[in-house]
Amino acid sequence: MTKASPTEPIAHPYMANSNVGNFQHMMKVAGVSNVEELFEQIPPDHITKREFNLGPVLSSESSLYRHMNDILRKSTSCEDSLNFLGAGCWQHYVPAICDEMVTRAEFLTPVWGTPSSDHGRSQAWFEFASQLGELVGMEFVGLPVYSFGTAGGHAIRMAVRLTKRFKVLLPRSLDPERLAVIKSYCSLPELAGYIEIVSVAIEEASGRINLEDLKKKLGTDVAAVYFDNPSYLGVVESEAKEVSRLAHECGAEVIVGVDPISLGILTPPSEYGADIVVGTTQPLGVHMNCGGGVGGFIATRDEERYAREYPTLQVSLASTSVEGEMAFGLTLFEQSSYGSREQGKDWTGNSVYLWAIANAVYMSLMGPQGFRDIGTSIIERSHFAASRIDSIPGLKVLWAEGFFKEFIVNFDKSTLDVEVINGRLRKLGIFGGKDLTSDFPELGKSALYCVTEIHTEEDIDRLVQALEEAVK
Amino acid sequence: MTKASPTEPIAHPYMANSNVGNFQHMMKVAGVSNVEELFEQIPPDHITKREFNLGPVLSSESSLYRHMNDILRKSTSCEDSLNFLGAGCWQHYVPAICDEMVTRAEFLTPVWGTPSSDHGRSQAWFEFASQLGELVGMEFVGLPVYSFGTAGGHAIRMAVRLTKRFKVLLPRSLDPERLAVIKSYCSLPELAGYIEIVSVAIEEASGRINLEDLKKKLGTDVAAVYFDNPSYLGVVESEAKEVSRLAHECGAEVIVGVDPISLGILTPPSEYGADIVVGTTQPLGVHMNCGGGVGGFIATRDEERYAREYPTLQVSLASTSVEGEMAFGLTLFEQSSYGSREQGKDWTGNSVYLWAIANAVYMSLMGPQGFRDIGTSIIERSHFAASRIDSIPGLKVLWAEGFFKEFIVNFDKSTLDVEVINGRLRKLGIFGGKDLTSDFPELGKSALYCVTEIHTEEDIDRLVQALEEAVK
Amino acid sequence: MSPSKMKNYRAASWDEPLVMQMGSEGRRGAILPSTEPGIVEVVGKGINLVSPSMRRDRLPILPELSEFEVERHYIHLSQQTMGMMGVSLFGTCTMKYNPRVSENLVYQPFISQLHPLQHEDTLQGVLEIVYRFDELLRELSGMSKFVFQAGGGADAAYTQTCITRAYHASRGQLGQRNEIITTAQAHPSSPATAAAAGFKVITLPLEADGYASVEALRAVVSSRTAALMVNNPDDIGIYNPHIKEWVDIVHEAGGLCFYDHANFNGLMTRVRAAELGFDACMFMLHKTFGGPKGGGGPAVGAYGCTEALVPFLPGPLIKKDANGKFVLEKEGPLSIGRVREFWGNVPVVIRAYAWTRAMGAEGLRDAANISVLANNYMEKRLLEIPGVTKGLPELTKRRLEMTRYSLGELTAETGVSTLDVQNRMTDFGVDAYWLSHEPWFIPEPFTPEAGELWSVEDIDYWIDVLAHVCQEARDTPEIVKSSPHNQVVHKMDGSGLNDPSKWATTWRAYLRKYPDRTR
Amino acid sequence: MSPSKMKNYRAASWDEPLVMQMGSEGRRGAILPSTEPGIVEVVGKGINLVSPSMRRDRLPILPELSEFEVERHYIHLSQQTMGMMGVSLFGTCTMKYNPRVSENLVYQPFISQLHPLQHEDTLQGVLEIVYRFDELLRELSGMSKFVFQAGGGADAAYTQTCITRAYHASRGQLGQRNEIITTAQAHPSSPATAAAAGFKVITLPLEADGYASVEALRAVVSSRTAALMVNNPDDIGIYNPHIKEWVDIVHEAGGLCFYDHANFNGLMTRVRAAELGFDACMFMLHKTFGGPKGGGGPAVGAYGCTEALVPFLPGPLIKKDANGKFVLEKEGPLSIGRVREFWGNVPVVIRAYAWTRAMGAEGLRDAANISVLANNYMEKRLLEIPGVTKGLPELTKRRLEMTRYSLGELTAETGVSTLDVQNRMTDFGVDAYWLSHEPWFIPEPFTPEAGELWSVEDIDYWIDVLAHVCQEARDTPEIVKSSPHNQVVHKMDGSGLNDPSKWATTWRAYLRKYPDRTR
Ligand SMILES: Cc1ncc(COP(=O)(O)O)c(C=O)c1O
Ligand SMILES: Cc1ncc(COP(=O)(O)O)c(C=O)c1O
């Protein structure tokens with residue numbers, strides 16, 4: 001058949017019609033004698049002259065598996081080492097049932113479907129939105145967006161559209177990675193629609209937003225105040241209500257970014273004034289996947305004013321032709337880029353919808369008490385670690401109180417740089433905290449440590465010992 | 001509720017009614033005020049006095065996972081090392097779809113069902129039997145038994161019941177592990193129904209059954225001649241037809257044990273006289289699982305004489321109340337131990353039915369050409385390895401021709417024992433062949449090497465180099 | 001209690017052909033790595049390495065499918081399998097939760113890709129788990145050592161018969177001791193394996209209080225007694241309060257006593273088999289200990305015995321040496337050798353260990369309590385359904401985990417049998433219930449077991465479905481008799497199943513027997 | 001050809017409640033490890049570590065379920081999802097086989113348990129695969145460097161708009177160059193991202209030969225032109241033979257040219273984007289390269305560009321150093337920074353690499369040939385169905401992978417719309433087809449794409465189902481209009497979906513809006 005190679009004139013397992021019989025049957029019915037006829041509309045000078053070298057074909061699954069396995073084994077995972085990196089991608093335990101569901105072919109493969117034929121998937125999405133809504137205290141929730149940062153970017157653009165103002169305030173403590181994403185959502189000064197980002201200082205003593213600086217920068221030209229709670233640096237913004245009040249006073253929208261895993265113990269943003277809540281979905285049952293587990297969401301009150309600005313798709317409960325039956329259909333499809341092209345609200349497309357199923361499963365497994373417990377577990381373990389590390393001579397934990405999951409270890413008293421210390425830890429089988437030295441020079445030689453429910457007392461002891469050794 | 005421990009008064013995720021509300025509701029309806037009432041029929045002196053120490057409870061899945069993972073990682077697998085062990089448990093590639101299917105909850109969890117409600121599973125079983133029947137050339141196939149050895153044991157007992165004779169002939173080359181199983185199926189001389197096992201010599205030059213010795217031992221008191229093809233020692237019994245002829249001449253049944261992975265290139269036993277075919281199912285899409293992947297089967301012509309002696313369950317195609325619809329029901333259930341207790345044919349029970357699904361998937365993936373190719377691949381690679389090893393000074397391959405997958409390497413010229421050599425190989429990341437020294441002293445210092453489709457030329461080069469180094 | 005709404009359930013049905021009816025010539029589902037030229041150079045073409053007498057000439061007639069077609073076909077079949085995805089109160093099998101975390105673990109190379117003959121230095125992880133699980137079962141039973149070679153509960157019973165043989169043979173008494181005693185309600189695996197091992201089987205009858213009497217036992221025990229094999233409770237659900245006396249009687253006569261502990265669930269943390277005097281017992285890891293059923297295995301009958309029988313155990317034995325290293329010890333001269341190759345369905349042992357640790361001692365006690373309570377809860381509600389009666393009407397004591405009921409009255413009244421009811425219940429998403437072992441002592445039996453897994457809502461739904469179907473049996477009996485109607489396929493016609501000219505266990509047999517019917 | 005028998009298909013339906021309607025107070029699906037006493041001693045009770053103003057007082061109202069109940073619920077939902085388990089010839093998305101072997105690989109800790117900020121020494125395995133895949137895409141496109149940060153095809157288009165901004169800004173021309181040109185049949189992601197990035201969008205109209213004309217392009221190109229964003233072929237399936245000229249025209253005007261290569265399947269191994277003159281292109285790893293759809297991602301829009309644009313790429317970049325070590329290079333000063341956190345949906349990249357290696361260059365060519373052939377095979381058969389017409393009737397040339405058809409005639413005749421037909425087809429186990437992007441230029445459109453995955457039998461079945469439904473539209477139009485009848489649920493009433501008083505995207509909103517309807 002079409003194979004040129006004489007060494008492998010066999011059908012390919014991924015292509016049902018790559019056998020001679022089927023291929024020739026199709027040729028006959030289609031009235032084609034030479035396959036090249038089919039490409040008649042491509043001008044000859046468009047056709048490439050250079051051969052393709054993609055390496056030896058691995059059409060045998062066993063060869064492919066071996067090849068992949070041999071290479072991938074060269075990495076050292078956070079199961080091989082003890083990991084304290086967080087900083088936007090967090091190591092939480094992923095219940096086995098989350099993986100079971102997202103690997104089931106039925107959930108793994110759908111592309112679009114109808115409300116009747118992919119009903120189960122739509123229901124799972126609705127359950128994602130409903131449960132997340134409970135956690136953040138909001139009634140309108142979109143289907144997931146690419147990430148925390150992109151959720152932030154979209155939310156800011158929503159606020160700009162709502163207020164027709166073009167300035168947003170963000171605290172200095174923002175994740176530089178997330179900030180870079182948000183920046184790319186704010187266009188450039190040369191273009192219409194450019195959104196100016198103004199940084200608000202944080203208090204040296206607490207790491208929280210500096211209210212004085214905030215007041216100074218707020219004004220009736222501000223579309224939104226955006227802040228994360230807890231912040232990138234782990235700090236809980238306990239004055240959040242006051243931040244919201246000040247912003248609202250100027251007619252600005254309040255956008256709060258949250259890590260939903262904290263919401264069993266922390267107040268939901270709806271209760272301290274958030275108008276738009278965004279955040280990450282990765283901690284809710286998705287592996288870190290080398291950063292490929294990130295996902296984001298947008299939630300608001302169920303008010304038309306906000307709903308009409310969503311860039312996402314979302315599913316709504318609906319009835320069917322049979323009394324009492326539930327279906328799930330897309331609401332406000334018109335305003336998406338699918339519905340209105342450049343007139344739509346920003347844009348949407350394939351996102352991380354499969355993770356929404358993992359998230360729904362995770363939230364169902366945890367239930368109210370599970371969220372309470374995991375929040376408690378994380379705050380206890382992280383404070384324990386902070387307290388133990390703080391007592392190591394020469395090490396200091398900045399803002400040793402009022403944080404959740406992440407905290408800053410300062411190494412100013414050591415002669416060594418964070419990079420060197422992390423190198424030493426790595427030799428001891430430990431991934432030390434994210435080096436903040438260049439992103440936050442004002443914090444000195446600092447690293448952001450992340451401690452979650454997976455870290456045992458023993459793990460923390462091991463870290464403390466290793467740190468003691470590393471800074472020697 | 002029932003929890004005595006004050007530290008964990010919480011419901012258990014594996015028990016829906018371990019919450020206080022459900023438990024008390026059931027107590028109320030059942031009219032029970034104290035749970036101990038329910039155990040009234042157990043006399044007090046039967047109740048144990050000693051506490052139970054099962055270690056700290058790991059009801060948190062993340063703790064459990066960590067605990068298990070930490071321990072299980074202490075092993076070195078055949079993915080970490082290069083493995084040449086076979087000897088009844090073989091390393092073949094398991095296509096990912098086999099694992100996908102046997103881990104799907106629907107296939108993983110059924111216990112019994114009905115032909116209508118577990119129809120899919122029954123169909124998969126029928127497809128297992130049908131495809132296996134094609135490979136071995138038989139029309140009646142039972143659902144799987146525990147293992148190759150137990151299949152052999154049952155087949156021998158079938159032959160004994162058929163012939164009412166109590167002696168069986170088995171070649172010397174039989175797998176000692178399998179032989180031990182078969183022996184346990186033959187009772188002891190003190191009891192009625194004892195079956196005498198007589199060993200038939202093998203030819204020194206070829207490893208095949210010694211026809212002269214066979215003739216000597218055959219007689220009208222022989223119920224069956226049993227042999228494996230290829231044998232445990234890897235040898236293909238090319239005189240199988242003659243063996244069958246001789247056995248049949250005496251009115252004995254011929255039982256052949258096969259590795260079905262060889263049947264794309266080797267003649268099916270039905271064509272050289274086998275009356276009953278048994279064998280392993282592990283190579284057909286089941287992982288080695290540290291020996292926990294073994295499984296066996298029994299197949300015969302579709303003759304009532306044989307069918308009425310099966311100890312297994314089997315599914316048969318049947319019609320339903322709707323024209324054209326297929327169902328699958330158990331045939332000959334009556335004669336099983338479920339149907340007739342001690343009057344039944346041997347016994348049955350839970351076996352390895354889930355692996356039958358993996359097997360069915362495997363055979364469907366391979367198809368006729370896949371079996372041809374894998375047989376070819378194995379025989380080529382194993383002969384290549386044998387030839388390379390044979391050329392190492394001081395090493396010798398016994399019976400360098402006429403084998404499939406496994407062959408014997410003899411180390412008589414070395415001063416070192418197989419055990420020592422294997423120890424050296426292990427340090428080089430290689431699991432050497434099974435040491436035969438004590439099981440087959442007549443073969444000298446020998447080891448049984450297994451080479452399959454997963455071994456590349458490079459792997460074999462590595463083995464050769466390591467062997468050269470090890471025998472130095 | 002208001003009855004649950006009957007679910008508007010409908011099983012998936014894909015109108016799926018047999019895999020043998022699918023495909024197209026030359027299509028491939030798997031390709032082998034091509035042999036490297038360096039290999040071909042040395043050995044030539046593979047087929048020439050087979051002696052001519054042994055070369056297969058016609059390829060097997062297997063389907064030719066792409067990889068996706070195979071995947072989709074078996075996914076269709078899986079969706080067409082109810083398994084435990086409805087509500088399954090299947091008696092005798094203790095439907096447990098099968099934790100998914102264990103599935104993930106056992107498919108990692110550190111289990112799946114281990115060879116049983118690897119040097120023990122390279123098997124320390126798996127050996128440690130198996131050894132630790134042996135310790136847990138010792139703690140639960142009081143026995144001295146467990147092995148996991150038996151491929152199921154029946155195979156563990158067979159192990160017992162082999163050990164019984166070896167034990168009496170070692171004392172020169174086997175010729176004389178060739179009888180094994182069991183009871184009419186014992187699981188068939190006891191009498192069947194005893195017979196297969198060469199023993200004469202003596203079966204004690206069921207009596208009105210739910211077990212055989214001490215007198216009946218005394219009447220058959222003798223110097224020919226090799227062993228007693230019994231489960232307690234059995235399907236009737238009653239604990240035999242004389243079991244210690246039974247053991248004493250058999251021991252006095254020189255026989256061994258084997259406790260088929262398949263129904264351990266209701267007794268967990270209350271009794272220890274060894275303390276009751278038993279010489280050996282077996283646990284079902286695929287039932288009591290959270291292993292999945294798999295439609296019939298892989299299973300493990302964990303076999304444990306007292307010190308006296310340890311020398312007879314099949315090998316190899318996993319031991320811990322003085323340095324804490326785990327070793328595989330070859331069996332001794334008295335050992336029965338093997339009942340199955342290698343050391344058992346290892347992944348099932350791993351799952352069972354994980355399950356047991358996840359439960360803890362307290363959890364096991366809770367599970368026993370909840371299971372027994374649920375059984376009594378069910379009894380209360382079931383007996384309110386007209387047509388449902390107790391299997392043994394005279395029994396008034398609380399029963400353990402499961403109990404046998406009868407639909408005899410309903411059948412008498414309506415002609416609808418327990419099999420019809422079983423079929424019809426599946427129309428509401430309820431898995432078929434367990435009837436009874438053969439022979440039926442109780443008319444139109446059924447034997448539900450609630451266990452600790454199922455929620456009250458599930459149990460109530462099950463009962464309500466039964467009540468609904470019993471009502472249907474009166475109102476519209478034809479609907480029940482011709483059921484199922486919402487299942488993958490309709491009611492099977494089993495009339496040809498035992499007819500040699502009609503049965504077909506393979507597609508080739510079917511093609512031969514029904515040349516006209518095939519598409 | 002005799003038409004296939006319509007399958008007697010019925011979707012599973014479990015009458016499954018919402019997870020929020022299930023459960024019982026105090027039930028648990030997951031338990032956390034209890035905090036060790038040593039920790040409690042140091043830090044006290046967790047809640048006290050939260051400042052009083054930030055303590056949550058009421059727990060969220062989430063379901064309380066056992067682990068099994070959650071598993072069973074979502075298994076029910078999965079069975080109630082057709083996904084690709086029927087026949088899905090969904091146009092624009094190139095339904096590929098998603099090899100299961102890759103699923104196994106990416107759920108191993110060596111992918112799933114990697115943190116993106118680990119030191120590169122510990123990431124050599126994953127970096128090697130990603131780097132190698134970059135190499136493969138470079139070979140396929142002629143571009144100089146690929147990045148995988150974009151979380152989908154639209155996000156890659158957005159990446160292009162960011163790079164367009166940065167590029168022109170770096171040359172001081174952004175103020176002037178604020179127009180992006182695209183076509184009416186370009187995917188909405190091109191105009192939408194261009195607008196979101198701050199550009200004015202100019203859309204060229206579709207003409208009778210299936211694309212916009214060179215003249216139309218010339219008429220709008222100017223010194224304001226920042227870029228051209230176009231896919232070729234688009235849903236109409238026709239390759240624009242003037243595409244090189246287009247690129248030249250835009251380049252002459254100083255604009256950049258971006259090739260949305262989402263419809264690469266029919267072109268694989270025949271064209272290289274860079275050779276056609278494009279400055280950048282994007283590939284859809286979740287479509288063309290075998291990644292699963294996931295119902296809408298995780299996806300990757302692999303973005304590649306020529307040397308001139310490399311400095312603008314988002315960081316970090318994976319490079320290979322002189323020693324063959326893979327390193328993560330921080331982005332330079334011209335970089336657009338990030339379009340998304342970290343370096344992309346890594347598991348999708350792994351799958352795509354595996355798929356590409358499994359196919360090889362020869363396999364890719366076969367796939368292109370088979371896909372295009374299958375499209376033309378379908379066309380032959382589809383146009384024989386009365387009521388089906390070509391989307392653009394004047395087009396006679398062979399089209400590439402997919403083509404748009406119209407059911408306008410059928411609708412005119414019967415009142416049955418393409419949406420009705422789509423619904424009804426699902427009753428036979430056929431996944432909904434792709435209609436058309438908005439706005440519809442073609443009445444009652446549908447856009448099937450056969451691809452290389454589906455067997456002739458599947459394609460024939462799909463066509464036969466369509467023919468059957470078209471016939472039904474004439475014979476029993478009500479059946480089609482009120483369909484589906486064999487699906488999980490019946491036809492949705494979408495009337496309230498855009499009504500603020502009726503929509504409900506969460507259960508809490510529903511409870512508030514429909515206080516009476518809730519059970
Ligand atoms: C009491 C009892 N004993 C033994 C067995 C046999 O177990 P298996 O089917 O695993 O062989 C069973 C299983 O049904 C049982 O219930
Ligand atoms: C031509 C084309 N471009 C871009 C996209 C957008 O891709 P995604 O949905 O991954 O954002 C699509 C997907 O439908 C497409 O078909």
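Each chain gets a letter, A, B and so on, in the order the sequences are listed, and its residues count up from 1.
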_Which atoms of D:Pro484 are under 4.5 Å from chain A, going by heavy atoms: the side chain, the backbone, both sets, or neither?_
side chain
*D:Lys380 versus chain A, the contacting section by heavy-atom distance below 4.5 Å*: side chain
*Would you say the side-chain atoms of A:Ser364 and A:Gln131 include a donor-acceptor pair closer than 3.5 Å?*
yes
*Residue D:Thr426 versus chain A: region with a heavy atom under 4.5 Å*: side chain
*Using a strict 4.0 Å threshold on nitrogen-to-oxygen distance, state whether A:Glu134 and D:Arg508 make a salt bridge.*
yes
*Given that the side chain runs from C-beta out, which part of D:Ile243 has a heavy atom under 4.5 Å from chain A: side chain, backbone, both or neither?*
both
*Taking the side chain as every heavy atom from C-beta outward, state whether D:Glu103 and A:Leu108 have any pair of such atoms under 4.5 Å apart.*
yes
_Partner chain A: residue of D:Asp121, D:Leu59, D:Asn345 with the largest heavy-atom pair count (under 4.5 Å)_ = D:Leu59
*A:Gln91, part contacting chain D, at a heavy-atom distance under 4.5 Å*: side chain
*Can you tell which part of A:Glu100 gets under 4.5 Å to a heavy atom of chain D, answering side chain, backbone, both or neither?*
side chain
*Go through the atoms of A:Glu325 and report whether side chain, backbone, both or neither lie under 4.5 Å from a heavy atom of chain D.*
side chain
*Which one, A:Gly113, A:Gly367, A:Ser187, leads in non-hydrogen pairs under 4.5 Å with chain D?*
A:Ser187
*Per-residue contact mode, D:Tyr239 against chain A (heavy atom under 4.5 angstrom)*: both
*asked:* Is D:His73 in contact with chain A via its backbone, its side chain, both, or neither, using a 4.5 Å heavy-atom distance?
replied: side chain
_Under 4.5 Å from a heavy atom of chain D, the part of A:Phe148 involved_ = both
*Most contacts with chain D, counted as non-hydrogen pairs under 4.5 angstrom, among A:Pro368, A:Ala30, A:Ala180*: A:Pro368
*Verify whether one side chain among D:Gln487 and A:Ser116 offers a donor that lies under 3.5 Å from an acceptor in the other.*
no
*Under a 4.5 Å heavy-atom cutoff, which of D:Ala509, D:Ser189, D:Ala504, D:Ser78 has the most pairs with chain A?*
D:Ser78
_Max heavy-atom pair count under 4.5 Å with chain D, selected residue of A:Arg178, A:Gln314, A:His67, A:Gln123_ = A:Gln123
*asked:* What I'd like to find out is whether the side chain of D:Leu77 reaches to under 4.5 Å of the side chain of A:Phe107, using heavy atoms alone.
replied: yes
*What is the ring orientation for D:Tyr510 with D:Trp507, classed by angle as parallel under 30°, tilted 30 to 60°, or perpendicular over 60°?*
parallel
*Quick one: are D:Val40 and A:Phe384 in side-chain contact, heavy atoms under 4.5 Å?*
no
*Of the backbone (N, CA, C, O) and the side chain (C-beta and beyond), which part of D:Ser112 lies under 4.5 Å from a heavy atom of chain A, both, or neither?*
both
_Portion of A:Phe371 that has a non-hydrogen atom of chain D nearer than 4.5 angstrom_ = side chain
*Among A:Thr456, A:Asn22, A:Leu64, A:Leu191, residue most engaged with chain D (heavy-atom pairs, under 4.5 Å)*: A:Leu191
*Between D:Gln80 and D:Val488, what is the shortest heavy-atom contact and its length?*
O-CG2, 3.5 Å
*Side chain, backbone, both or neither: which part of D:Val346 has an atom under 4.5 Å from a heavy atom of chain A?*
both
*Quick one: which of A:Val361, A:Ile97, A:Leu365 gives a side chain to side chain contact (heavy atoms under 4.5 Å, CB included) with D:Glu71?*
A:Ile97
_Contact winner vs chain D - A:Gly291, A:Ser117, A:Gly349, A:Cys78, heavy-atom pairs under 4.5 Å_ = A:Ser117
*asked:* Report which part of A:Phe140 has an atom under 4.5 Å of a heavy atom belonging to chain D: side chain, backbone, both, or neither.
replied: both
*Proximity breakdown for D:Ala367 and chain A, heavy-atom pairs closer than 4.5 Å*: both
*Would D:Arg272 count as a cation-pi partner of A:Phe52, with NZ or CZ less than 6.0 Å from the six-membered ring centre and within 45° of the ring normal?*
yes
*Does a side chain donor of either A:Asp99 or A:His287 reach within less than 3.5 Å of an acceptor in the other side chain?*
yes
*Evaluate the side-chain proximity of D:Tyr158 to D:Arg340: yes if any heavy-atom separation is below 4.5 Å, no if none is.*
no
_Would you say that D:Val126 contacts D:Trp343 through its side chain, given a criterion of any heavy-atom pair below 4.5 Å between the two side chains?_
yes
*Within a strict 4.5 Å, meaning less than it, do heavy atoms of the D:Leu373 and A:Asn17 side chains meet?*
no
*In terms of heavy-atom proximity below 4.5 Å to chain D, should A:Met26 be classed as side chain, backbone, both, or neither?*
both
*Is chain A contacted by the side chain of D:Leu136, its backbone, both, or neither, given a heavy-atom distance below 4.5 Å?*
both
_For D:Tyr74, which atoms come within 4.5 Å of any heavy atom of chain A: side chain, backbone, both, or neither?_
both
*asked:* Heavy-atom pairs under 4.5 Å with chain A: which of D:Leu65, D:Ile336, D:Leu123 has the most?
replied: D:Leu123
*NZ (D:Lys244) with more than 12 external heavy atoms under 6.0 Å*: yes
*asked:* Do D:Glu64 and A:Gln369 make a side-chain contact, defined as non-hydrogen atoms from C-beta onward lying under 4.5 Å apart?
replied: no
*Could you check which of D:Gln422, D:Met85, D:Arg365, D:Gln108 has the highest count of heavy-atom pairs closer than 4.5 Å to chain A?*
D:Met85
*asked:* Does any backbone or side-chain atom of D:Met492 lie under 4.5 Å from a heavy atom of chain A? Answer side chain, backbone, both or neither.
replied: both
*Which of the residues D:Val271, D:Asn423, D:Asn376, D:Leu117 is involved in the greatest number of heavy-atom pairs with chain A at under 4.5 angstrom?*
D:Leu117
*Which residues pass the ring pair (Phe, Tyr, Trp, His ring centres under 6.0 Å) test with A:Phe126, sequence neighbours left out?*
A:Phe328
_At a heavy-atom distance under 4.5 Å, which candidate from A:Pro43, A:Ser77, A:Ala16 has the highest pair count against chain D?_
A:Ser77
*Taking atom CD of A:Glu334 as the centre, does the number of heavy atoms from other residues, nucleotides or ligands within less than 6.0 Å exceed 12?*
no
*D:Glu275 portion near chain A, given a 4.5 angstrom heavy-atom threshold*: side chain
_pair A:Leu266-D:Val50: side-chain heavy atoms closer than 4.5 Å_ = yes
*Give, as side chain, backbone, both or neither, the part of A:Ser351 having an atom under 4.5 angstrom from any heavy atom of chain D.*
both
_Plane angle bin for A:Trp112 and D:Phe90 - parallel if under 30°, tilted between 30 and 60°, otherwise perpendicular_ = tilted
*asked:* Does any backbone or side-chain atom of A:Ala192 lie under 4.5 Å from a heavy atom of chain D? Answer side chain, backbone, both or neither.
replied: backbone
_What part of A:Arg426 gets within 4.5 angstrom of chain D, counting heavy atoms only: side chain, backbone, both, or neither?_
side chain
*Which bit of D:Leu105 comes within less than 4.5 Å of chain A, counting heavy atoms only: side chain, backbone, both or neither?*
side chain
